[in-house]
Structure formats: structure tokens, C-alpha cells
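The structure appears right after this line, and notes come after that.
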Amino acid sequence: MSLKQLQPKLFKQFQQIIQSDQISHAYLFSGGFGNLDMAIYLAQSRFCQDKIDKLPCQRCRSCRLIASEDFSDVKIIRPVNQVIKTDTIRQLLQEFSKSGYESSSQFFIIQDADKMHLNASNSLLKLMEEPIAQSYLVLLTDDENKILPTIRSRCQEFHFLKNRSLLVGELENKGFLKTEAEILAELVSNWEDVELLSSNHKILELIKVCQRWVNLLSLDDSQAYLEVSRLVTLASDKGEQELVFKILPIIFNQSRSTASLNYLSRLVEAYRMWQHHVNFQNVLEYMVLV
């Protein structure tokens with residue numbers, strides 16, 4: 001899926017920014033749908049050897065190396081064991097103080113920037129307070145609210161929201177029913193998840209069993225009560241159970257009936273109980289019996 005397809009409006013906006021030479025030294029891209037692709041496109045715009053109307057060609061040596069994350073003056077920092085350590089950011093600061101290898105510019109991308117240790121964030125803030133010419137920084141996150149306000153205030157923010165209609169259409173093209181495609185589109189947080197979830201047979205089976213259970217809730221409480229055991233057997237670990245609690249509200253919202261709204265309120269309470277270590281089967285039975 002191309003960046004232009006994922007984020008047509010943002011893609012056009014950034015093309016205009018590049019062509020007018022108004023690229024900022026610090027950006028915050030929130031939302032997982034194309035934010036890394038856009039950061040790489042921006043980096044290519046700084047180093048492209050064969051620009052077309054000031055835009056990166058995406059075919060020259062520099063553009064290809066940047067896309068494959070193998071260009072010396074473009075560095076992508078990612079969490080290790082779910083954290084970006086202070087030492088990693090300090091090393092980044094040292095790189096900022098140097099000239100680029102291929103040119104005078106350097107481009108840094110921090111993926112999952114919300115996973116920076118507090119000390120790492122504070123170290124980065126010092127750099128942002130005194131930006132260096134020809135150096136660029138893009139922070140990527142799924143939730144901008146997890147980024148220090150002092151860092152956010154020094155960035156230009158852009159939100160990479162889901163293109164739900166595109167996702168649903170793509171999933172239907174893969175052979176999913178519209179209701180299944182809509183559920184999967186709600187579950188994913190980035191385009192890579194679409195490929196992963198759509199090929200995960202366990203998740204697809206969970207969706208079908210959840211749909212059956214929700215239908216039974218409105219038709220026959222006794223059958224819905226018996227169906228709980230099937231759902232519990234299928235969702236045997238905490239991760240799968242967490243997924244069930246993500247799938248169910250989507251299905252209830254698809255219905256939009258008064259009964260579904262009532263079950264949504266029960267689901268909120270059931271999830272709270274589950275978080276407090278009440279047995280998964282017990283909380284689902286609670287939803288049937290209340």
C-alpha cells in the first residue's frame with residue numbers, strides 16, 4: 001500500500017511543503033498509518049540525487065538506500081525491549097554534532113518515541129532547544145499524549161489517522177465479509193497489522209465466535225450462556241482474552257440496537273472485573289445473567 005493511498009491529503013500537503021522548501025527541523029507524527037513512510041519520504045527529499053519538480057524520485061541510489069534503511073545520514077532509532085534508553089539518545093546527540101557523511105545534512109527518525117525513558121526524553125529536549133542547521137528530527141508515536149508536552153511544543157504535529165474505508169475495501173478484496181472487514185479495520189493500529197491479522201486464523205475464528213455469541217445474546221440467553229464455554233476455550237490466554245474485549249464492542253456497535261447499548265455497559269463492567277483478576281468465564285457469564 002503506497003503512502004499516497006494511505007494518506008492522500010497528508011501526502012499532497014507534504015509535497016507542497018517540500019516544494020516550497022518549508023521543511024521544519026522537528027516533527028511529531030502520531031498514528032501508525034503511514035507515519036514511518038512519510039518520515040522516509042521526507043528524508044529522501046533531503047538527499048535525492050535526481051529530484052523531479054523538487055520532489056524525491058524514489059529511484060536513485062540515495063532514495064533506495066534510505067528506503068532500505070541503509071543510508072549513512074538517515075538513522076532510525078527503535079525501542080529495545082520496549083524502551084529507548086538514555087544512552088541511545090545520548091549517542092544520537094553525538095551524531096547530531098557531526099557533519100553528514102554523504103552531505104552536510106542528517107536526518108533522524110525515532111520510532112515509538114513514546115517509549116523513550118524520561119531521562120532520554122529530557123536529553124532529547126536539550127537538543128531540540130538548540131537545533132542544529134541541516135539536521136532534521138521526526139518523532140513517531142501511536143499516541144501523542146504520551147510525549148512530553150515540552151517536546152511536543154517544539155515539534156510540528158501531524159496526525160496519521162486510519163483510512164477506514166480504504167482498509168475495509170482492501171480487506172473485502174482479500175475475501176472477507178464486510179462485517180469481518182469492518183472489525184479487522186477497527187482492530188489494526190497500522191497497515192502492517194492488516195497483513196498480520198488478516199492471515200491469523202485464530203483471530204478470524206475469534207471474530208466468528210464473538211459474532212455468534214452476540215447474536216445469541218439477543219435471541220436466547222440460555223444458548224448464549226452455553227456458548228460462553230466455547231469462547232473461553234478458544235481464548236485461552238490473557239492476550240486472546242484482551243482481544244475478545246476489543247472485538248466485542250465493535251460488534252455491539254455494528255448492531256446499534258438498544259439491547260446492544262445495554263450489553264456495552266455490561267461489557268465495560270465485565271472488562272473492569274477481568275482486569276481485577278476475576279475469571280474470564282465468570283465475567284462473560286455475568287454479562288448473560290445480569
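Side-chain atoms are counted along with the backbone in the values below, which use heavy atoms only and exclude waters and symmetry mates.
Pairs of residues two or more places apart, or lying in two chains, that qualify as side-chain hydrogen bond (donor to acceptor under 3.5 Å, both in side chains) and include a residue from residues 114-124 are D114-T141.
L261 places a side-chain heavy atom less than 4.5 Å from the side chain of L264. V244 is listed as a side-chain neighbour of L231, based on a closest heavy-atom distance under 4.5 Å. Here the side chains of L118 and T86 are not in contact, with every heavy-atom distance at 4.5 Å or above. Side-chain contact between Y286 and W274: absent, with no pair of heavy atoms (C-beta onward) separated by less than 4.5 Å. A 4.5 Å side-chain heavy-atom check between L248 and W213 finds at least one atom pair inside the cut-off. At least one side-chain heavy atom of L55 sits under 4.5 Å from a side-chain heavy atom of Q15. Contact of the R78 side chain with the D112 side chain is not registered, since no non-hydrogen atoms from C-beta on lie closer than 4.5 Å. Counting heavy atoms from C-beta outward, S236 and E240 have side chains that approach closer than 4.5 Å.
In this structure, L219 CG and R212 CZ are separated by 10.0 Å, a value rounded to the nearest 0.5 Å. In this structure, CD on Q211 lies 11.0 Å from CG on L206, to the nearest 0.5 angstrom. With rounding to the nearest 0.5 angstrom, the CD1 atom of I52 is 14.5 Å from the NZ atom of K54. We find the CG-OG1 distance between L184 and T179 to be 10.0 Å, quoted to the nearest 0.5 Å. If you take CZ on R61 and CG on D50, they are separated by 14.0 Å, rounding to the nearest 0.5 Å.
Using a cutoff of 4.0 Å between basic side-chain nitrogens and carboxylate oxygens, E205 and K208 are not scored as salt-bridged. Salt bridge present: E186 and R164 bring a charged side-chain N and a carboxylate O closer than 4.0 Å. Checked for salt-bridge contact, E170 and K174 miss the test: no charged N lies under 4.0 Å from a carboxylate O.
Surrounding CZ of R59 are at most 12 heavy atoms belonging to other residues, nucleotides or ligands under 6.0 Å away. Heavy-atom contacts from other residues, nucleotides or ligands closer than 6.0 Å to NZ of K9 number 12 or fewer.
The closest donor-acceptor contact from the side chain of K162 to the backbone of A185 lies under 3.5 Å. In this structure a side-chain-to-backbone donor-acceptor pair under 3.5 Å is missing from S24 to Y27. A donor-acceptor pair is defined here as one N or O able to donate and one able to accept, closer than 3.5 Å; no such pair exists between the side chain of N200 and the backbone of L196.
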**Request:** Quick one: do K75 and D70 satisfy salt bridge (Lys or Arg N to Asp or Glu O under 4.0 Å)? Show the steps, please.
**Result:** CA-CA 9 Å; K75 296 177 177 62; D70 197 26; over 6 Å; no

**Message:** Let's go through N163 and F33 carefully: what are the C-alpha distance in whole Å and the side-chain angles of both, what is the deciding distance for side chain to side chain contact (heavy atoms under 4.5 Å, CB included) to 0.1 Å, and is it a yes or a no?
**Reply:** CA-CA 8 Å; N163 189 332; F33 279 83; over 6 Å; no

**Request:** Start with the C-alpha distance between E242 and K246, add both sets of side-chain angles, then the distance that settles salt bridge (Lys or Arg N to Asp or Glu O under 4.0 Å), and finish with yes or no.
**Result:** CA-CA 7 Å; E242 179 81 41; K246 292 179 179 178; 5.2 Å; no

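At a threshold of 4.5 Å between side-chain heavy atoms, the hydrophobic network of Ile, Leu, Val, Met, Phe, Trp and Tyr places V232 and V278 in one connected group. Linking Ile, Leu, Val, Met, Phe, Trp and Tyr residues whenever their side-chain heavy atoms come within less than 4.5 Å leaves I251 and L177 in two separate clusters. By the rule that hydrophobic residues join a cluster once side-chain heavy atoms approach within less than 4.5 Å of another member, L216 and F252 end up as members of separate clusters. Both I250 and L234 are assigned to one and the same hydrophobic cluster, defined by single-linkage of ILVMFWY side chains at heavy-atom distances under 4.5 Å. In the hydrophobic clustering of ILVMFWY residues, with side-chain heavy atoms under 4.5 Å counting as a link, F176 and V209 come out together.
Checking each of F107, F71, Y136 against F47 for a ring pair (Phe, Tyr, Trp, His ring centres under 6.0 Å) leaves exactly one that passes, namely F71. When L124, T88, L28 are each tested for a side-chain contact (heavy atoms from CB on, under 4.5 Å) with I110, only one passes: L124.
Using modelled atom types and a 3.5 Å distance limit, the side chains of D53 and Q19 yield a donor-acceptor pair.
Not counting sequence neighbours, R266 has no partner by the salt bridge (Lys or Arg N to Asp or Glu O under 4.0 Å) test.
Aromatic ring centroids of F14 and Y41 lie 6.0 Å or more apart.
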